[in-house]
Structure formats: structure tokens, C-alpha cells
Amino acid sequence: MDLNFTPQEETFREEVQHFLAERLPPRTADKVRTNKRLTRDDLVEWHAILNERGWLAGHWPVEHGGPGWSVAERYIFDYETARAHAPRIIAFGVNMLGPVLIKYGSEAQQKYYLPRILDGSDWWCQGYSEPGAGSDLASLRMSAVRDGDHYVLNGQKTWTTLGHYANRIFCLVRTDPAAAKKQQGISFILVDMNSPGIEIRPIITLDGEHEVNEVFFTDVRVPVENRVGEENHGWTYAKYLLTYERTNIAGIGGSVAALDWLRRIANQQMQDGRPLARDPYFAARMARVEIDLENMKTTNLRVLAAASHGGAPEAESSMLKIRGTEIRQELTSLTRRALGPYAQPFVPEALDADYNGEPIGPDYAAPVAAEYFNNRKLSIFGGSNEIQRSIIAKTMLGL
Amino acid sequence: MDLNFTPQEETFREEVQHFLAERLPPRTADKVRTNKRLTRDDLVEWHAILNERGWLAGHWPVEHGGPGWSVAERYIFDYETARAHAPRIIAFGVNMLGPVLIKYGSEAQQKYYLPRILDGSDWWCQGYSEPGAGSDLASLRMSAVRDGDHYVLNGQKTWTTLGHYANRIFCLVRTDPAAAKKQQGISFILVDMNSPGIEIRPIITLDGEHEVNEVFFTDVRVPVENRVGEENHGWTYAKYLLTYERTNIAGIGGSVAALDWLRRIANQQMQDGRPLARDPYFAARMARVEIDLENMKTTNLRVLAAASHGGAPEAESSMLKIRGTEIRQELTSLTRRALGPYAQPFVPEALDADYNGEPIGPDYAAPVAAEYFNNRKLSIFGGSNEIQRSIIAKTMLGL
Amino acid sequence: MDFDLTDDRRMLADTLGRYLGDRYGFSERTRIAGSEEGFSRTSWQDLAGLGVIGALFGEAAGGYGGAGFDLHTVFEQLGRSLVVEPFLGTLLAGKVLEAAGGQQALLDEVIAGTRLVTAALYEAEGRYDPLHVGTRATAREGGYVLTGGKAVVPQLAAADVILLSAKLEDGLALFLLPRSAPGVTIREYGFVEGGRGGELLLQDVVLDADARIGAGHSAQELIEHAVAAGIVALASEAVGIMEFARDATLDYLRTRTQFGVPIGKFQALQHRMATVLLEIEQARSATINAAASLGGDRLSRERAVSAAKFTIGRVGTLVAEEAIQMHGGIGMTWELPLPHYAKRLTMIDHQLGDEDYHLVRYIRLGEAAGAEAA
Amino acid sequence: MDFDLTDDRRMLADTLGRYLGDRYGFSERTRIAGSEEGFSRTSWQDLAGLGVIGALFGEAAGGYGGAGFDLHTVFEQLGRSLVVEPFLGTLLAGKVLEAAGGQQALLDEVIAGTRLVTAALYEAEGRYDPLHVGTRATAREGGYVLTGGKAVVPQLAAADVILLSAKLEDGLALFLLPRSAPGVTIREYGFVEGGRGGELLLQDVVLDADARIGAGHSAQELIEHAVAAGIVALASEAVGIMEFARDATLDYLRTRTQFGVPIGKFQALQHRMATVLLEIEQARSATINAAASLGGDRLSRERAVSAAKFTIGRVGTLVAEEAIQMHGGIGMTWELPLPHYAKRLTMIDHQLGDEDYHLVRYIRLGEAAGAEAA
């Protein structure tokens with residue numbers, strides 16, 4: 001039993017830190033730190049910098065362009081980049097589609113698509129959820145009817161995160177509506193967003209931002225070779241995708257950075273003639289979440305260690321998802337509380353990094369309330385925390 | 001909208017207070033206040049005192065010996081008696097069987113049993129739960145087979161509170177095992193505990209006390225005239241009994257007394273050189289439950305007011321049960337916490353009022369931890385809080 | 001003991017509810033909340049005409065009500081329709097004017113809806129404490145000079161007259177400030193939940209002697225009294241919002257199907273919803289206690305008011321978060337009314353003192369009560 | 001990064017687990033816990049023979065381990081079998097002896113199981129603070145005179161030697177007190193969860209000069225260090241108990257049927273159980289953090305230790321209450337093992353500082369760390 005990283009791992013950590021100091025654009029890091037809006041260009045730039053270093057696809061096999069990291073190295077990389085306020089790597093190509101293609105894609109698909117993910121030629125988005133199929137994903141209804149060498153797609157996808165930045169979408173579609181079980185008869189298909197018949201419409205979220213979209217498909221023709229794997233076996237690939245990438249599901253590094261940010265704010269806000277951070281009640285709220293996060297770091301490492309020994313931690317990664325998002329939500333909630341009356345004023349333009357108006361109240365105030373509301377999504381999207389609790393219970397109870 | 005009681009009600013309150021000052025045996029009140037053991041004699045004595053004043057059966061109609069109180073007067077009586085540390089009236093005869101006999105009993109049953117409840121000739125206990133039928137009460141299996149003018153009873157009841165003090169038990173029994181629904185085919189029957197074939201065995205609870213029992217029935221013969229109402233309609237009477245007496249389900253008066261007790265202890269316990277009651281964290285715990293209780297007083301009165309106008313507050317009385325027991329459990333939990341290291345020593349003899357050994361630690365310490373463990377029952381017995389939540393949800397959702 | 005509204009209040013509730021239902025529907029509300037002024041002068045005139053502003057004040061001050069349950073009746077309806085009209089500033093300033101006396105002409109215009117007032121009682125350094133005042137007033141011949149600033153003042157830019165607190169040499173004092181007075185700077189902005197507010201800056205603002213009001217009273221008491229009324233109002237608004245959120249969520253649980261059944265069939269959601277329902281009843285009770293306390297002695301009143309604001313803060317967060325969570329993705333969208341209710345409910349915790357502030361205040365008042373009793 | 005036990009520790013866990021499974025089953029445990037001494041001298045001898053006491057101490061002190069993960073390994077097993085043997089007093093006193101030095105003969109006997117020690121570090125007035133010491137020691141020719149009292153000392157009556165703290169004129173000091181010394185009064189009693197403890201009263205107790213130990217060290221540091229080890233032990237015991245409670249509850253949820261299905265099919269219970277499972281993992285992580293910290297610098301160690309005790313207190317209450325609640329009526333009965341585990345789990349929060357005490361301590365240590373860093 002040893003909680004320390006190995007000397008090699010510590011050397012790697014320094015290497016990552018050094019790289020971040022050198023290459024992470026300070027303007028981007030500052031936006032992340034202060035919760036300002038990131039542009040598509042910010043994300044593309046960071047993507048390219050990582051790719052140049054060969055560190056973009058940490059969990060891809062070396063032969064497909066991965067760096068050959070251990071689980072611990074991936075953890076260190078995720079942790080350090082988040083702490084340094086790097087943007088998250090946009091997951092759809094690198095973390096979601098990539099592994100599916102590597103495991104189930106044809107050689108042609110691998111050769112064509114994987115390099116385009118790495119070099120940024122393709123920005124992928126995810127076509128899973130539908131208006132009637134949220135938690136009950138397998139009840140999806142978008143149809144793909146075979147017509148010669150093509151599928152003809154009709155239906156609607158929703159909650160398509162950053163779909164308005166994407167040129168491609170991977171979709172779950174129903175190829176056999178008569179299948180006995182709803183999990184059968186689903187296929188996994190790659191679609192060019194520029195195909196005729198695709199219409200994308202923004203969904204504005206409660207904080208007034210445009211992050212997610214609806215995507216409508218009307219007689220969209222997709223070549224059959226864009227199907228991944230076998231027809232009607234898409235559910236297998238979809239599940240693989242959902243459970244594959246769990247190194248960073250708890251978002252530890254991001255929460256550590258958010259806690260630092262909160263602490264800074266709580267040290268500046270005054271209450272009762274002393275910094276809010278010294279107020280016993282607020283200090284207790286912060287200490288509770290700090291301790292929970294310290295515990296979570298070790299829980300996360302324990303799960304990773306088990307996984308590297310070949311464990312298959314489905315219930316455990318659901319735990320990481322639940323508590324990881326709860327901690328992050330609690331941190332944004334405390335940051336909102338810390339602001340006091342200044343949570344209420346809202347100047348949307350102040351979320352742009354090049355806004356140069358005088359701030360209302362303290363300069364860190366502008367994005368806080370909106371960020372709190374936006375982060376309510378963490379327990380809803382990516383498999384709601386209710387779904388995760390059911391997975392844990394069913395795994396442990398075996399009922 | 002007026003939160004005050006009427007002048008008449010306030011006069012009644014004074015009358016109750018005066019009565020309690022005069023007639024509540026101080027030794028008994030002291031036992032209740034300090035959570036010492038009550039004997040059967042203590043309970044019988046208080047029962048007789050109330051009966052003498054005509055205040056024993058607050059919700060019975062005047063013609064059967066009730067005092068003719070309004071809902072507000074019943075609330076005031078329950079509140080003042082609890083605050084004065086009177087023992088709870090043993091519910092089984094007065095609050096449970098009495099109302100059933102008044103509504104569904106034959107004239108002969110009413111004439112014979114009701115006066116015996118009031119004058120203390122009968123101590124009733126409840127034969128509802130069985131080992132396999134807890135929350136799922138309607139799945140009970142104890143059989144009653146007709147044999148001429150008698151039923152022959154076979155089976156087992158459990159969690160029979162104070163059954164070892166009782167001379168009679170009212171039971172739910174299955175008279176038609178072939179009924180289409182499990183709620184059908186149940187009858188409600190009155191049994192003399194001295195009948196041959198009845199065996200009663202103590203269940204020792206986790207605090208080491210004997211309060212509940214198992215009751216075994218082997219070929220127990222009960223005259224048919226001891227059945228209440230119609231054969232196979234017992235479920236209706238049982239449900240009536242469970243929902244009838246709700247004035248005091250939140251146990252407000254008892255919680256107010258428990259809060260006073262907690263506050264006294266927290267003012268005496270020292271932490272960090274000041275009374276625990278001044279410790280910001282403990283003060284916050286106490287204030288939270290105090291505010292919850294203040295709110296609950298008004299919630300309780302609102303439900304009672306609606307009921308007195310003919311409302312049928314099933315979901316509301318489930319709310320009172322849940323939050324009332326949660327508040328009481330939190331209070332005993334805080335009292336346990338307040339004791340610090342002295343929660344651990346346990347001298348069972350010190351729970352007897354006539355124990356005259358020197359106390360271990362502060363003189364109020366002895367019963368505290370055991371009382372905390374014992375009070376875990378509050379959210380389990382009398383319809384678990386899970387069952388109550390389902391009732392609320394189903395009532396409000398109508399699903 | 002009577003939990004029914006009087007006939008007058010029931011009529012007020014009905015009238016107000018009907019007006020808001022007809023003229024202040026959700027899309028209209030959205031338009032108004034995002035408009036340049038952040039409220040509607042037409043609606044305000046209508047509401048004044050219906051007697052809604054008057055209901056906040058006693059008959060002696062030219063109103064038709066003014067008791068805790070009058071505020072409760074009005075603000076619960078405002079909450080249900082998520083109204084962004086300038087009621088809070090009007091109430092806070094008006095309650096001071098009513099208690100201080102000597103400003104009947106202004107109050108008449110306020111009640112008639114022809115002049116707008118607001119109250120600037122909080123400062124950036126003071127957080128939630130209205131008695132922490134750094135703004136200074138210096139007496140000089142024939143009047144006062146004020147310098148300082150006030151934070152997050154509701155509907156500041158639209159107010160004709162601003163009631164504010166400042167420190168005189170001999171203690172706290174209250175002043176009426178015309179918005180257009182020289183030396184006054186206003187930085188206005190929208191609120192995250194809709195509606196508008198602003199920062200007030202005073203640089204050597206010269207006021208006449210009669211700008212000072214309530215000189216015969218304790219300014220602390222006037223402020224405390226007005227804030228107590230404000231808390232009853234916010235708590236009642238919160239209860240109205242919670243009831244909307246409850247109904248919307250119950251409805252969604254009944255109608256949204258997943259896995260072939262309405263999601264309200266899922267027991268985990270049922271039990272959490274049962275807790276939400278229970279807590280809303282507790283929040284309503286806390287609000288009733290506070291409303292009833294407004295006429296009572298100071299210590300009972302202030303404890304009831306802090307208990308209510310604490311409860312509303314705690315339960316409000318629960319209700320807002322659970323309602324969004326149970327709605328799932330759709331609960332995150334701008335287009336649905338529910339999340340806007342959730343946002344306002346959350347922001348109520350940021351006005352007039354939050355959950356933690358009032359818990360501490362409740363404890364301190366309790367210690368004071370204990371000391372008094374001893 | 002390695003979360004596996006070393007082979008030695010795995011062997012220790014296996015040996016101990018096997019012994020307890022064979023010879024310390026629940027009915028045996030019940031007999032022992034309620035016996036006159038509240039533990040079993042036979043078992044104690046057996047456990048010493050298996051090297052379990054030695055595992056608590058380093059090789060320099062004649063033991064076979066002594067690191068945080070050794071304590072973790074031993075006490076987790078003790079928790080699983082709800083062992084009432086005098087390990088806590090032995091650990092606390094032994095850790096002081098180990099660090100103070102100069103008491104090897106006594107330590108050898110302790111490790112061999114032939115002499116029993118306990119630690120009397122807390123006083124009634126000090127609640128959970130071991131540095132609040134009212135007991136006074138006065139130096140006099142050739143020795144000391146001690147007067148005062150110690151509260152809730154584990155296995156006090158059975159201990160041959162009692163380690164205790166007292167205030168000398170120039171600060172805190174530690175002494176070894178033979179139980180049978182004149183002037184010593186012991187009031188012993190059972191614990192609510194089984195096992196025994198006692199109150200220690202000292203009236204002009206005369207001790208030789210060599211009764212004082214660790215004079216070359218800071219008594220505060222010795223105490224803090226021993227209590228840190230004690231907290232790792234209690235947290236590990238708690239984790240063992242939680243795992244028992246988890247397994248028992250999962251088993252009950254799988255097998256108890258109501259409404260025609262196992263109650264584990266009810267989603268409300270499933271989701272609560274998922275939270276319980278998650279929290280147990282967090283409690284285990286907190287314990288691992290604390291165990292790893294024992295070798296580190298003071299501030300990190302004490303923060304990790306307080307974080308662990310806070311977590312164990314919070315999660316322990318949750319696990320105890322939920323396990324009983326999910327068992328329903330049967331969970332309230334003496335006859336079932338589960339509630340006894342729940343009682344011990346609850347009482348662990350009352351030893352060496354509870355949840356609130358350690359949360360405050362964690363905050364203060366954090367402020368100290370911040371001040372140090374600044």
C-alpha cells in the first residue's frame with residue numbers, strides 16, 4: 001500500500017507541468033480559470049498544441065497515435081492540465097468515437113477517421129439522445145432504412161453538445177424496428193453534417209448560453225460504409241463508448257481548481273468584519289467539500305489501480321460520476337453563496353474575455369451565478385445520476 | 001388567518017396546565033423527563049387519573065365517555081401533557097381499538113369493551129404485524145378457521161408492543177385464504193390473552209430493553225361474537241384504525257420537551273472553554289432542528305384546521321408522521337452527541353428511578369445513548385417512513 | 001386559530017391572480033423581464049389601479065392593508081406568475097415612509113403608482129447586514145452632504161426617489177434622494193433571473209434638510225422593521241414559486257414516460273418528491289409564522305423572520321435543484337418556464353440575507369432572548 | 001501508487017481473520033462483551049501469540065510493523081468481527097511508550113500479552129481535547145504526587161499499568177501508574193456497545209521519579225502522535241464494521257420479500273443503498289489517507305487524521321442508521337448481529353473526538369497551514 005506515485009510518474013508530472021507552463025496559452029487558461037466563454041478557436045488551438053506534442057489521445061494505442069501512457073500517467077495528465085486551467089479536450093472525437101473505431105471500426109474507417117480526429121480536420125458531435133429517449137436511451141426512434149448502398153435517415157437528435165461547431169456526427173439509429181428487444185435493431189453510423197437534409201437548431205440553456213442543439217434529419221442519405229461494425233449491433237458499441245473512458249470521469253483536477261478559486265473568493269469576501277473563509281459556517285461548508293474531494297482523489301486512484309489490474313469497475317465508475325459531479329456542483333454552489341448580493345447582477349457581455357467594461361462588484365463575480373445554473377447539467381447529462389445509482393444498486397445487489 | 005388560539009381555547013389550556021400541576025405524579029413526570037423506565041403501575045396510575053377527570057379518551061364521542069373536545073382542544077391537551085412530561089396514553093385501547101368499536105362494533109361489544117378500556121379493566125395490545133408481513137401488512141397469514149360458534153386461530157404475531165402487560169389483543173386474521181386480493185379475506189377479531197394456546201415471548205431490542213413481543217397462536221378458540229364487523233372485511237377496519245388518530249402523530253409536545261432537555265444539557269456540557277450550546281456548530285445543529293420544529297407546529301395546526309373542516313388529509317398526516325419522527329430522532333441524536341465521551345458508559349440499572357448509585361459522568365447521561373438507539377424505531381414502526389413517502393407520492397401524483 | 005384568508009384578502013388574491021393570468025402570462029413576463037426597464041409601466045399602473053400597491057400599507061398611510069398576511073397574499077401571487085415589477089423596492093422604501101411618517105404626499109403617489117421609490121440599504125462591504133453603513137452624511141447649513149455607495153439596489157434606475165441610509169455624526173439616519181440629484185451616479189444592470197438593479201454612487205450629493213426622514217425614530221428600528229416586511233414578502237414570493245415548481249414537476253412526473261411508464265412511477269423519484277412536498281409545507285409554515293410575527297414584539301418577530309428566511313433559503317435550493325433534476329434535460333432549457341422560476345427562487349436567497357446569515361442571526365437572537373429571560 | 005497490501009500484511013489479515021472467524025464468532029463475542037471483564041484473557045493471549053499486538057509496533061520497539069497500514073490491517077479485521085479486546089488502550093499507551101523510549105521491558109510484556117496497559121488521556125472537563133489536562137502532578141523529593149481524574153478510560157479495571165497525562169508546573173507530562181497504587185480509585189462500567197471502561201480518580205497518589213516517561217520529548221507531541229495512531233485504528237475498525245453492515249444489508253435486501261418481491265427491487269432503497277456504498281468507499285479512502293499520513297509531517301498528518309475521523313463520524317452515522325432502517329423491525333432486535341455493529345459504529349464517533357470536533361480541528365489546522373505557507 002503506497003499512495004505515492006513512482007519516481008518515473010513524478011518525472012512525468014514535471015514534464016507535463018513544464019509543457020503546460022510553456023505551451024498552454026495564458027489567455028485561454030485565464031478564461032477557463034475565470035469561467036469566461038471559450039471560442040471554437042481557443043479549443044482548436046489547444047487541440048493542435050496537444051496533438052503536436054503527441055499528447056492529445058492519452059488512452060489510444062501507440063499504433064494509432066497514442067502516447068502509450070499507463071493509467072497513472074493518464075490520471076496525472078488529466079489532473080495537471082485541469083489544475084493549470086487548460087480547457088477540457090473536446091471528448092467526442094478523441095475520447096468517444098476514437099476508442100469505438102479502434103475496437104470496432106473497419107481498417108478503412110480507422111485509416112481515414114483517426115488521423116482526422118488527431119489533426120483537427122473533423123470535429124465530431126454525438127447523436128445519441130432523442131426527445132423521447134433520454135435516460136431510456138435504447139428507446140430511440142431515428143430510423144435508417146437501407147436503400148441500395150445508402151441508409152436513409154429520418155428523425156431527430158437532441159442535447160447535441162457543440163454540434164454547431166461540428167462537421168460530423170456519430171449516430172445511433174434504428175435499422176430494425178421489428179427487433180424483439182429495443183436494444184436490438186440499433187446501428188452505429190457516421191454522418192457528414194453537411195449532408196442534405198440535416199438541420200441544426202440551437203437550444204438555449206437556462207443561463208442564456210448556446211451550447212447544445214437539436215439536429216433534424218430528413219431523408220439524409222449516408223453511404224453504407226459509414227456504418228461502424230455490424231448492422232443492428234450498435235448498442236454494443238454505444239455501451240462500450242459510454243463505459244470506456246473513465247479515467248477522468250470524477251473530474252478531480254477541475255474540482256481542485258474550482259476549490260482554489262472558491263477559496264480565493266472566500267478570502268476576499270467579507271462577512272461580520274472578517275473574510276468569509278473565516279466564518280465558521282462557511283468554513284465548515286468549504287471544509288466538508290474539501291475533505292470529500294481529498295477522499296475522492298484516493299477513491300479515484302483506487303478505482304484506476306483496480307482497472308489497471310484488469311478489473312471491470314462499472315459500479316465504481318458510476319460512483320466516480322455521481323460524487324465527482326456532486327462535488328463540482330457543491331463547489332459552484334458555494335462560489336455562488338460566497339458572492340452574496342453580487343450573485344444577482346448579470347452582464348452577459350462580461351463573460352467575453354475581451355469585454356472591458358468595469359465589473360459589477362468584485363471582478364470575479366460576473367460568471368458565477370450562470371455557472372452554477374449551467375452546472376446543474378452535470379447530474380443530468382452523460383447518464384443521469386439516477387441512472388448511475390441504479391447501475392450501482394443493480395451491480396451490487398445482483399437483482 | 002390567525003395563529004392564535006381563541007380565548008376559550010387559552011382558558012382550556014390553563015385548565016389543562018392546572019390539572020397537570022395538581023394531578024400528574026411528579027415522580028412519573030421526572031421519569032419521563034429523564035428517560036427513566038416507566039413501570040406498568042406508573043402507566044395504569046396516570047390512565048386512572050385521566051379517566052377520573054374524564055380526559056382519557058379525547059376524541060371519543062361524548063355518549064361513549066369522551067370530553068367533546070374540538071380538534072384544537074385535543075391538540076392543546078396533547079401538547080401540554082407532553083410538555084409537562086406526562087407519559088403518553090397507551091394507545092392500543094383508547095386511540096386504536098376504541099374508535100374501531102365506536103364505528104364498527106356491535107352494540108354489545110361497545111357496551112362491554114368501551115367502559116373496560118376507560119376504567120383500565122382491559123389492557124389491549126395490537127396483533128397486526130407478522131414476521132412475513134411488515135410494511136406489506138396485507139400479506140398476513142395468521143389463520144382463523146370457523147368451527148361452529150368459534151374461530152380457531154393459528155399463526156404468529158410480532159412487534160407486539162407492551163403485549164406482556166396486556167390481557168387482550170385485537171388481531172387481523174385471514175378468514176378466507178382463497179380471496180382474490182390479499183386485502184380481502186381478512187377479519188378483525190378480539191382475543192383474550194388468557195385463552196389456551198397463546199404463548200407470548202419477549203423480543204429484546206438493541207438497547208437491551210423488553211418492550212415488544214412475539215405472540216404465538218396454536219389452536220386458539222375465539223367465540224364468533226368477538227369478531228368486529230363483517231367477516232372478511234377486516235382490512236377496512238384496520239385501515240380506519242391506522243388513519244383515525246392523527247392529532248398527535250407529529251408528537252410536537254414531546255419534541256418541544258426533548259428540545260428543552262437537549263438545550264439544558266448543551267448549556268452544561270463544556271467544549272473549547274464555553275458551553276456546547278455556544279459552540280457555533282452545535283448551536284447551528286440545534287437551531288436547525290428548533291426551526292424545523294417551529295415550522296412543524298404550524299404545519300400540524302394547519303393540517304388539523306383542514307381536518308376540522310372535513311378535509312381528509314392522508315398525505316398530510318404522512319408528512320406529519322415523517323417529519324415528526326425525523327425531528328424527534330434528530331433531537332435524541334443531538335442529545336447523544338452533546339454527551340461527548342459520556343455517551344459510551346452504560347449502567348442499565350441507572351435507568352430505574354429508584355437506582356441510587358452515583359451517576360457516571362453527568363447525572364443526565366445514563367439513558368441517552370440507549371434512548372437514541374431505541375428511537376430508531378420511530379421511523380420503522382407505525383407504518384415505516386418509506387411507506388409514508390409512498391403514500392404521499394401516490395396521493396399527490398395520482399399514479 | 002384560523003388558517004383561512006379573510007374575505008378581503010381572498011378577493012385581493014383572486015383579483016391579482018386573474019389579472020396576472022390574463023395579462024402577465026409567461027411569454028409576456030419574459031418580454032418584460034428582458035425589456036430595457038426590466039418591468040412594465042403599464043402593468044404597474046394596472047396593479048396600482050387594482051389596489052395591489054395599496055394592500056402593502058396600512059389605512060393610516062392611505063393603504064388598504066399592510067399587515068403580514070396582506071404582504072403574504074400579494075407576494076405569493078407575484079411568485080406564482082414570476083412577476084418582475086418593482087414591488088420589493090416599493091415595499092422596503094414604503095414601509096420606512098409609513099413608519100417614519102411625514103411623507104404622506106409621496107406615499108399617496110407611490111400607492112397610486114405615479115411615482116416609483118426604491119430602497120438602497122445595503123453596501124458592498126456590508127454584505128447582508130443593513131446596519132453596516134459606510135456612506136457618510138455631513139450636516140451643513142440647511143441640509144446634508146452625502147458621499148458613499150450602495151450595492152445591488154432593486155430597480156434603481158427607474159426609481160424617482162431613492163430611500164437610503166447614511167451615517168451622521170451621531171448615528172444612522174435615513175434620507176430621500178431624488179435620482180436626478182447632482183453627484184448621483186447609477187450603474188444599472190440586469191439580474192440573472194430577469195428584472196434590473198443597479199449600483200448607486202454618491203459624490204458630495206447635497207440634500208435639503210427635509211430630505212432626512214424619520215429623525216424622531218431610531219433609524220435601526222425603521223430599517224429592521226422594513227427588512228422584516230421585505231423578508232415576509234420574499235418568503236411569500238418563494239412559496240408561490242415553489243408551488244409553481246411543485247405543480248410543474250408533479251405534472252412532468254405524471255406525463256413524461258421513460259422505460260414504458262410515467263417517470264413518476266419510479267419509487268426513487270416518488271420518495272424524493274415526497275420530501276420536496278413536505279419541505280414546501282414547512283416553508284409555507286415558516287412564512288406564515290413570519291407573517292404573523294410582524295405585529296408582535298421585536299425579538300419574536302426577528303426570530304420568526306430569520307427562521308423563515310433560513311427555511312426559505314434551505315428549502316428553496318432543494319426545490320430549485322430537485323425540480324430541474326427531475327425534469328432532466330428539458331429542465332435546463334431557456335424555453336421552459338420552470339428553470340426561470342428555479343433561478344428566481346435561488347436568487348431570493350441572495351436578497352435580504354441568505355440561509356447562513358439568518359441561521360446565525362436566529363442563534364444570536366435566541367441568545368439575546370435567553371439573556372433577557374435570565 | 002499501489003493499493004495492494006504487502007504480502008506480510010495480507011498474511012497478517014488472513015491469519016487474524018481466520019482466527020476470529022473460528023474462535024470469535026458472534027455468539028462468542030456476545031458472551032465476551034457481556035462478561036465480567038468485558039474481554040477474554042484467553043483470546044488476548046491467542047492474539048498476542050499470533051503477533052497481532054506486535055503488529056502495532058515497530059521493530060525497534062520489539063514489534064513487527066507499527067506503520068499506519070499495519071494498524072489499518074489489524075483494526076479492519078477487528079471491526080469485521082466486532083472484537084472487544086483491549087486493543088485501543090494498548091495501542092494508545094504503547095505508541096507513547098514506543099516513541100518515548102526507555103520502557104522496552106514493559107513493551108515486551110505488552111506485546112507478549114502478559115501485561116495490560118491502557119491510556120487515560122481525557123478528562124470530563126476537556127471533552128474531546130486530550131491537551132486539556134486538569135490533573136496535577138507535583139514534584140517532590142524522589143518522585144511526584146498526582147491528584148485529579150480521567151474520564152471514560154477503555155479497559156481501565158483490567159489494565160496493570162495506566163499511562164496518563166498530568167500538569168507539572170512547567171507543562172504537560174506523562175506518567176505510568178500501577179493500577180494498584182494507593183490513592184487510585186477506579187469506577188468501572190460497561191459500554192453501551194459491549195466492552196468495559198472506567199473513571200479514574202487520583203487522590204495524592206505518590207509515584208517514583210521513574211514513573212515519569214518521555215521527559216526528553218514534548219508530551220503534547222507524544223499524545224498527538226498516539227491519538228493520530230488511535231484515530232487510524234478507530235477509522236479502520238469503522239471501515240471493517242461498515243463492510244459488515246454493507247454485506248448484511250445487501251443480503252437482507254436480496255432475500256427479504258415484501259409485496260411479492262425482494263425489497264432490494266424497490267428503487268428508493270436501491271438509490272439510498274447506492275449512496276451508502278459510495279460513502280463507504282469515501283470512508284475507506286479517508287482512512288487510507290490517514291494511515292498513509294502517519295509517517296509524514298505533522299500538519300499533513302493531523303489534517304488527514306482529522307479528515308478521516310470527521311468522515312468516519314459522518315459516514316458511520318449514515319451507515320448505522322440506514323442499515324437499521326433498511327432491516328426494519330428485525331434491525332431493532334438484540335438477537336441480530338447487525339444492530340450491535342451499528343452501536344459500535346455509532347460509539348466510535350464518541351471516542352478520540354467526534355465529527356464536529358474534527359471538522360473544526362481540520363479547519364484550524366488548515367488556517368495554520370495557510371499561515372505557514374504565507
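Proteins get letters first, then strands, A, B, ... in listed order; numbering begins at 1 in each.
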When C:Leu269, C:Thr257, C:Asp129, C:Thr333 are compared by non-hydrogen pairs under 4.5 Å with chain A, the top option:
C:Thr333
Of all of A:Ser384, A:Pro341, A:Gly208, A:Pro131, which one pairs up most often with chain C through heavy atoms under 4.5 Å apart?
A:Pro341
So what's closer than 4.5 Å to chain C heavy atoms on A:Ile203: side chain, backbone, both or neither?
side chain
Please identify, among A:Met270, A:Arg336, A:Glu209, the residue contributing the most non-hydrogen atom pairs under 4.5 Å to chain C.
A:Arg336
Option in A:Val212, A:Asp207, A:Thr205 with maximal non-hydrogen atom pairs under 4.5 Å from chain C:
A:Thr205
Given a strict heavy-atom distance threshold of 4.5 Å, which part of A:Leu276 is in contact with chain C: side chain, backbone, both, or neither?
side chain
Under the salt bridge (Lys or Arg N to Asp or Glu O under 4.0 Å) test against A:Asp272, which residue among C:Arg127, C:Arg361, C:Arg364 passes?
C:Arg364
Out of A:Trp159, A:Tyr281, A:Phe381, return the one with the most heavy atom pairs under 4.5 angstrom to chain C.
A:Trp159
Step through the shown structure and confirm whether more than 12 heavy atoms of other residues, nucleotides or ligands are within 6.0 Å of CZ on C:Arg187.
yes
More than 12 non-hydrogen atoms from neighbouring residues, nucleotides or ligands closer than 6.0 Å to NZ on C:Lys265, yes or no?
no
Tell me whether the count of non-hydrogen atoms from other residues, nucleotides or ligands lying under 6.0 Å of CZ in A:Arg88 goes above 12.
no
Under a 4.5 Å heavy-atom cut-off, does chain A meet the side chain of C:Arg196, its backbone, both or neither?
neither
Over all heavy atoms of both residues, which pair between C:Phe191 and A:Phe346 is shortest? Give the atoms and the distance, please.
C-CB, 3.9 Å
Among A:Gln269, A:Arg285, A:Lys377, who wins on heavy-atom pairs under 4.5 Å with chain C?
A:Arg285
Whether A:Arg337 and C:Asp349 form a salt bridge (side-chain N of Lys/Arg under 4.0 Å from carboxylate O of Asp/Glu) is what I want to check.
yes
Closest approach of C:Lys343 and A:Leu206, non-hydrogen atoms and distance?
NZ-O, 2.5 Å
Just so I understand: if I count every heavy-atom pair under 4.5 Å between each of C:Leu338, C:Thr317, C:Leu336 and chain A, which residue has the most?
C:Thr317
Shortest non-hydrogen pair, C:Gln325 vs A:Asn385, comes out as NE2-N, 4.4 Å
For chain A, find which of C:Glu199, C:Glu188, C:Glu125 contributes the most heavy-atom pairs closer than 4.5 angstrom.
C:Glu199
What do the steps show when you test C:Val152 against A:Tyr342 for side chain to side chain contact (heavy atoms under 4.5 Å, CB included), and what is the final call?
CA-CA 7 Å; C:Val152 198; A:Tyr342 281 107; 3.7 Å; yes
Determine whether C:Glu193 and A:Gln344 satisfy the following criterion, side chain to side chain donor-acceptor pair (under 3.5 Å), listing intermediate values before the conclusion.
CA-CA 8 Å; C:Glu193 79 273 32; A:Gln344 212 179 1; 2.7 Å; yes
CZ of C:Phe266 to CD of A:Glu386: how many Å apart, nearest 0.5 Å?
11.0 Å
Highest number of heavy-atom pairs under 4.5 Å with chain A: which of C:His132, C:Glu335, C:Arg256?
C:Arg256
Check whether any side-chain N or O of C:His350 sits under 3.5 Å from a backbone N or O of A:Gly340 as a donor-acceptor pair, and report yes or no.
yes
Region of C:Phe259 in contact with chain A, defined by heavy-atom distances below 4.5 Å
both
Is it the case that over 12 heavy atoms from other parts of the model lie below 6.0 angstrom from the CD atom of C:Glu36?
no
Rounded to the nearest 0.5 Å, how far apart are CZ of A:Arg376 and NE2 of C:His327?
14.5 Å
Which is it for C:Thr346 and A:Phe373 under the side chain to side chain contact (heavy atoms under 4.5 Å, CB included) test, yes or no, and what are the steps along the way?
CA-CA 10 Å; C:Thr346 305; A:Phe373 291 117; 3.6 Å; yes
Run the numbers on C:Gln258 and A:Ser139 for side chain to side chain donor-acceptor pair (under 3.5 Å), then give the verdict.
CA-CA 8 Å; C:Gln258 290 280 272; A:Ser139 69; 4.9 Å; no
I'd like to know which of A:Ala138, A:Gly361, A:Ala369, A:Ser135 tops the heavy-atom pair count under 4.5 Å against chain C.
A:Ser135
Part of C:Leu352 lying under 4.5 Å from any heavy atom of chain A
neither
Looking at C:Gly329, C:Ala268, C:Ala151, which has the largest count of heavy-atom pairs under 4.5 Å with chain A?
C:Gly329
Going through the distances and angles, do A:Gln329 and C:Glu321 end up as a side chain to side chain contact (heavy atoms under 4.5 Å, CB included)?
CA-CA 11 Å; A:Gln329 287 182 330; C:Glu321 294 185 352; over 6 Å; no
